[in-house]
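Note that ligands are numbered from 1 as they come in the structure, with each ligand's atoms numbered from 1 the same way.
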Amino acid sequence: MARARDPIADLRRIAFLLERANEATYRVRAFRSAAKALAGMPAAELTERVGNGTLTELAGVGDVTARCVAESLAGEEPVYLRRLVATEGSDLDAEATALRAALRGDCHTHSDWSDGGSPIEEMALAAVELGHEYLVLTDHSPRLTVARGLTAERLRRQLDHVAQVNAALPEGFRILTGIEVDILADGSLDQDDDLLARLDVVVGSVHSGLKDERSKMTRRMLKAVANPHLDILGHVTGRMVSSRPAGVTGPGDRGHRARTRAESDFDADAVFAACAEHDTAVEINSRPERQDPPKRLIRRALEAGCRFAINTDAHAPGQLDWQRFGCERAALCGVPADRVINTWSAEQLVAWTHTRT
Ligand SMILES: [Zn+2]
Ligand SMILES: [Zn+2]
């Protein structure tokens, strides 16, 4: 008889691949819930339940997930997993592939402390599996209440929690602390200065008043970019280029609602010149529905001499592999690896952000 596989690992792998393929959340959740439900079960009980068909009596385990477990225990790669692997495709060209290979971490990710769908530990493990050396955790700031933005108090608790999680993670990998801080209407940042100074990486994004008139939006962005705490300007134009059918939303699905949104209007040349002057990196946001900034603006930021960060803005573990979409667009625009801050090691990255305070 074939040697049993690890059914929990197979279920988690399926969830990861479904997420990466941008499938509906409820399908992903079915596999994650089953993995969770079975994680602590003794091997003997698992085998017995597969044998007598009582696995599906457990909350969180359905017919499809039970079949995967049975196949794993029999030493076969589950059919569901095999099909996913067979149909996943990377059609990146050589330059995008090289850029992706040069990335050593991700500077914009969310956990279930704000509007992400998974715990910090789960995000970190997925990043380890992807071969990252670090993951910057950037949950939202207080004013973004719809996304459960963290108050100063909760952010302080998160910093303690991250220190604990880091102690248990494999050597050579660490979670860097961070925030996706709202750029407020007057261009100031939505968190206490002492906290912003303490964090490893600060991403700042506009989430409100996206239709403000050009001069107002430009002023707002210029002020934020000049703030020494700001390291990366997030999803620069705020546009939404695609949408998903309604009915697949849930926690962690912000940005997945059925909607598109025009770019906000601002003087891009002035903003990129300021980014170059203050050495603030421009984010290339990899989310399929954002693709922000558009390619014509990536080219202008490159000409202006800006640095870039190719980030996923992942709200779930499988989305951490979306960096390849950002790499594809960056490569098309001719962005070289030495202008991308997440090709640096964690030490180099933190040294850079700390000189900026
Ligand atoms: Zn954002
Ligand atoms: Zn974000």
Could you check whether F16 and F31 have their ring centres less than 6.0 Å apart? no

Measuring centre to centre across the rings, with the benzene-like ring taken for any Trp, is H161 within less than 6.0 Å of W113? yes

Which atom name would you report as the N, O or S atom of H207 nearest the Zn ion (ligand 1)? NE2

Under 2.8 Å from the Zn ion (ligand 2), is there an N/O/S atom belonging to H235? no

Within 2.8 Å of the Zn ion (ligand 1), is there any N, O or S atom belonging to H140? no

Would you check, one step at a time, whether the test salt bridge (Lys or Arg N to Asp or Glu O under 4.0 Å) holds for E19 with R29? CA-CA 10 Å; E19 253 166 14; R29 203 164 285 154; over 6 Å; no

Which N, O or S atom of D313 lies nearest to the Zn ion (ligand 2), by name: OD1

For H315 and H108, I'd like to know if the aromatic rings sit close, meaning centre-to-centre distance below 6.0 Å. no

So which of the N, O or S atoms of E180 lies nearest the Zn ion (ligand 2)? OE1

Nearest heavy-atom contact between G238 and D292 is N-OD2, 2.8 Å

The Zn ion (ligand 2) to H315: any N/O/S contact under 2.8 Å? no

